[in-house]
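Everything below concerns the one structure shown next.
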Amino acid sequence: MKERVDQAIQRLVLDLHQHQASDGSFRFCFENSPITDAGMIILIKSLGQKDERVIPLLVERLKNLQDPSGCWKVFRDEKEGNLSATIQAYYALLYSGYCSKDDPHMKLAKKYIIANGGLERAHSLTKILLAVTGQYQWPNLYHIPIHFALLPLNAPLSFHDFSSYARVHMAPILLLSDARFSLTRKDTPDLSDLHVRVIHNQVPSEEERFFTSTITQSIKTLIGLPAQLHQLARKRLENYMLERIEHDGSLYSYFTSTFLMIYALLSLGYSKNHPVITKAVNGLKTFACQTERGTHIQNSPSQVWDTSLISYALQTAQVSSAQSMIIKAEHYITSKQHDKYGDWRWTSTALPGGWGFSDSNTIHPDVDDTTAALRAIRRRLTTEPHLQGTWKRGLGWLLAMQNDDGGWPAFERNKNKQILTYVPLDGAEDAAIDPSTADLTGRTLEFLGEDVKLTTQNSQVKRGVKWLEQHQERNGSWYGKWGVAYIYGTWAAVTGMRAVGVKASSPSIQKAVNWFKSIQNSDGGWGESCYSDSRKQYVALDKSTLSHTAWAIDVLLSVTKEETPEIRRGIECLLNKLDHPDWTYQYPTGAGLPGSFYIYYHSYNYIWPLVLLGKYRNQYL
C-alpha cells in the first residue's frame, strides 16, 4: 500500500507542476452549467458584434453537451433534464446563426421545451434574459419598486440587507425591470412558438405580498418629488454597479452580474460602444477555458481558490520536490490579498485583509478563500518574517466576519433576514441572504484549530462549535451550501470540530461517523448526487467520486488512530479511481444555486486526493 500511495502522490505532484503558471498561480477551469456559454453568444449577437472566433467555439460546446433526448442538463443524472438550460442553449444556438429550427437536434430541443411547459416554466433569471432581448414580457411579479434602492440601512428592509452576491444581480435587474428594457435586432430569433400558455395575472404568494408591502410602506417615508426620487434611485443603482467594476471590466468578477449590468447600462442610455460596455464584454471573453467538450465561459475563474488549495495540498503531502512550486504559489497568493474596503465594511469594523475567488477580484473577499490562503502561507511564517503582516491582517478580517449566531457566512456578517427570501425570484431562498453555513463554519474552525491552535476554550471557537451542534441533521449529517452537499457539509463540520478539540466520542461526531459508514459504496468510496442540493436530503450517486471519497475518508481519519476496514477500502477505491479515470471525474461537486448551477472544479481531482493521501501516509505509513 505504501508504494501505491507514494506513487500516486508523486504522479499528482508532477501533473500539478505542469499546470503552474509563470506567476505561481494554478489556472484550472471552473466548469459550470451551460448558461454562461449560451449567455455569451446571446450577449455578443444582441450587441451586434461580429465575433467569428468565440461564437463557433461556444456553439460547438453547446451542441456537444446536448442530451440525445434533446435537452440540456446541469448534472449527468438529472433524468428529467433542465428546462431553463435547454431554453437558453436553444435560443443561443438559433441566435448564433449556425443552427436553425429545422435542424434535427433543434427540433428535439423544441419538443422537450414545449413538453415541459415552455417559456412560462423557466427559471426567473432565464425569463429576465429572454425579457431583455425581447422574447418575454416583463412580468409584474418581478417589478420591485426601484425606490427600494433609496431606503436607508436602518429601514426595516433595505437594498443592503441582501447578500452581496444578490445585490450585484438585483441592481441591474431593478433597473431593467423599471425600464421594461428590451433589445432586439433584425436577426433576433423569434421564440413565440415556445409559449405554451400565457399567464396574465400571476398571483403572488402571501410571503411575496408581505415582502413587497414592507418595501412599499418604507418607500412612503421617503421625502421628495416622485420624479426626483425615481431618477435618484436609478442613479444610485448605476453608481452601485460602476463602483464595483473590477479592472477586467467585470462586475464583482461574475459573468452573470456583468451580463445583466451591460443591459442595465444600455437601459440607462449608454451606447453599445461605450468604453465600460466594451471593456465588460472583452473581460467576459477572458473567462474562457478549455474543456473536453470545447471552449467554456466560466462564471468566475477560480485562480486564487485553486492556487491556495493546491499549495496547502502540496504542503500536506510533504513532497520536498514541490518546494519551488510552493514558494511561487506563495508569491502569487500574497499579491492577491485585498487592501481595499469592500461592502463587508457595513457590518464589520475589520481592516481589509481577506482574499477573493478570482484573479481580478480586489473588493469582494470571502471567508473560504481567506482561510485557504492563510493555510497556504502559514508554514512559511517562520522562514519568511515579512508574511507576518499578511497573516495578521488576514486573520483579523476572518475573525471579524463571524455572525452573531456563532457561525460563519461567505461574504458579509449578519445578512440573514428571512423576509428577503420572499423576493419574487426563483432561488431567492438560497441566494438572497448569506447565512451561517456548516461548510464555512466547519472549514473556518479547522483552520483556527490546525493553523492558529485555538480550541473550544476560545469564545469564538466555542460559539462556532455550538452553532454546528445546533444545526446537525437528525441522521448525523450537515448540509453544505457551496459543495455537493451533505458529504461536503458533514466533512467540513466534523473535521472542523475535531481540529478545535471536540472529542471523537462526542454524540455529534459519533452520529456523523456512523452516517458516513452507512453510505459507503460497495466499491469502498463515496458519491453524492446533485439532487441532494435541491431536495435538501441525501441522494446517493450510483458511483463514487474522488472528492466525495477523499472528504469521507478525511472524516474517518480524524476520529481514529487505527486504520479501520472502512478507511482501507476507501483508500483502495481512491487509488483505483486515480489509475482508471471515468465519467465521475467530471461530475460536479461544487454548488452555487440548487437545481440550476453546479461546478466541476478541474482542480479538485488533484487537490483532495493529494490532501487525503498525504494525511493517510503521515498517519499510518
Side-chain angles (χ1 to χ4, degrees), residues 4-5 8-9 11-12 15-16 19 28-34 61 64-65 67-68 72-79 81-82 85 289-294 296 302 306 309-310 313 477 480 482-491 516 518-535 538-556 566-592 595 597-613 616:
R4 287 190 69 193
V5 170
I9 289 174
R11 188 166 66 247
L12 289 167
D15 286 347
L16 285 171
H19 283 89
F28 283 93
C29 189
F30 175 92
E31 188 174 347
N32 44 259
S33 52
R61 173 174 160 80
N64 287 337
L65 288 174
D67 189 78
W72 275 261
K73 300 179 177 182
V74 295
F75 54 93
R76 179 188 173 102
D77 53 321
E78 190 177 30
K79 299 179 179 63
N82 191 281
C289 70
Q290 298 305 312
T291 73
E292 290 187 5
R293 296 191 181 186
H296 171 56
S302 54
D306 288 338
L309 288 178
I310 289 169
S477 68
W482 300 100
V484 179
Y486 288 91
I487 290 178
Y488 183 73
T490 311
W491 159 67
F516 267 116
S518 73
I519 62 168
Q520 188 170 18
N521 290 335
S522 58
D523 65 1
W526 284 261
E528 183 173 1
S529 170
C530 292
Y531 276 126
S532 289
D533 189 44
S534 56
R535 296 178 183 177
Y538 173 75
V539 179
L541 190 64
D542 58 3
K543 293 196 73 173
S544 301
T545 74
L546 283 173
S547 294
H548 287 124
T549 300
W551 295 335
I553 302 172
D554 197 10
V555 167
L556 300 181
E566 291 86 0
I567 292 173
R568 185 79 174 189
R569 290 176 58 221
I571 291 294
E572 290 175 350
C573 174
L574 195 71
L575 293 172
N576 289 336
K577 294 191 74 64
L578 286 171
D579 289 337
H580 306 287
D582 57 16
W583 64 263
T584 62
Y585 265 55
Q586 300 178 20
Y587 193 81
T589 54
F597 195 89
Y598 296 101
I599 305 106
Y600 156 39
Y601 286 92
H602 289 208
S603 62
Y604 277 17
N605 291 327
Y606 298 91
I607 294 168
W608 302 119
L610 185 56
V611 168
L612 190 282
L613 292 174
Y616 175 78

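As the structure is a prediction and not an experimental result, all values here were calculated from the model.
A search for side chain to side chain donor-acceptor pair (under 3.5 Å) contacts involving Asp533 returns Tyr479, Tyr598, not counting sequence neighbours. Asp67 pairs by the side chain to side chain donor-acceptor pair (under 3.5 Å) definition with Ser69, not counting sequence neighbours.
Contact between Leu613 and Ala8 at its shortest, heavy atoms only, is CD1-CB, 3.8 Å. Among all heavy-atom pairs drawn from Pro588 and Val484, the shortest one is O-CG2, 3.9 Å. Shortest non-hydrogen contact noted between Gly592 and Ile599 is N-CD1, 4.0 Å. Nearest heavy-atom pair across Tyr531 and Glu78 is OH-CA, 3.3 Å. Counting all heavy atoms, side chain and backbone alike, Tyr587 lies closest to Cys530 at OH-N, 2.8 Å. Contact between Cys29 and His296 at its shortest, heavy atoms only, is SG-CD2, 4.1 Å.
By the neighbour-count criterion of 12 heavy atoms within 6.0 Å, atom CD of Glu292 is sparsely surrounded, having that number or fewer from other residues, nucleotides or ligands.
Using modelled atom types, one finds no donor on one side chain facing an acceptor on the other under 3.5 Å when comparing Arg569 with Asn521. Checked by atom type, the side-chain pair Lys577/Ser544 shows no donor-acceptor distance below 3.5 Å.
Between Tyr600 and Tyr585, the gap from one ring centroid to the other reaches at least 6.0 Å.
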Residue pair Thr490, Trp551: steps toward the side chain to side chain contact (heavy atoms under 4.5 Å, CB included) verdict: CA-CA 9 Å; Thr490 311; Trp551 295 335; over 6 Å; no
Stepwise side chain to side chain contact (heavy atoms under 4.5 Å, CB included) test for His602 and Thr291: CA-CA 9 Å; His602 289 208; Thr291 73; 4.3 Å; yes
From CA spacing to verdict: side chain to side chain contact (heavy atoms under 4.5 Å, CB included), Ile487, Phe516: CA-CA 8 Å; Ile487 290 178; Phe516 267 116; 3.9 Å; yes
Derivation of the side chain to side chain contact (heavy atoms under 4.5 Å, CB included) call for Leu546 and Leu578: CA-CA 8 Å; Leu546 283 173; Leu578 286 171; 4.0 Å; yes
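To the nearest 0.5 Å, atoms CZ (Phe75) and OG (Ser534) are separated by 6.0 Å. To the nearest 0.5 Å, the span separating CG on Leu574 from CH2 on Trp526 amounts to 10.0 Å. The CG atom of Leu575 sits 10.5 Å away from the NE2 atom of His580 when rounded to the nearest 0.5 Å. For the atom pair Arg76 CZ and Leu541 CG, the distance stands at 9.0 Å (nearest 0.5 Å). Summarising the geometry, atom CD1 belonging to Ile571 is positioned 5.5 Å from atom OH belonging to Tyr616; distances are rounded to the nearest 0.5 Å. Atom-to-atom distance recorded for Leu16:CG and Ile607:CD1 is 8.0 Å, nearest 0.5 angstrom.
The backbone N or O of Ala550 sits nowhere less than 3.5 Å from a side-chain atom of Asp554 that would complete a donor-acceptor pair. Checking side-chain atoms of Thr545 against main-chain N and O of Gly527 turns up no donor-acceptor pair under 3.5 Å. Panel note: side chain Gln520, backbone Glu566; a donor-acceptor pair is recorded below 3.5 Å. In this structure a side-chain-to-backbone donor-acceptor pair under 3.5 Å is missing from Glu528 to His548.
Between Tyr601 and Tyr604, the ring planes lie parallel to each other; the angle is under 30°, not in the 30° to 60° tilted range.
In this structure, Arg293 does not pair ionically with Glu31, as no charged nitrogen and carboxylate oxygen lie closer than 4.0 Å. A salt bridge does not link Lys543 to Asp77: none of the charged side-chain nitrogens sits closer than 4.0 Å to a carboxylate oxygen.
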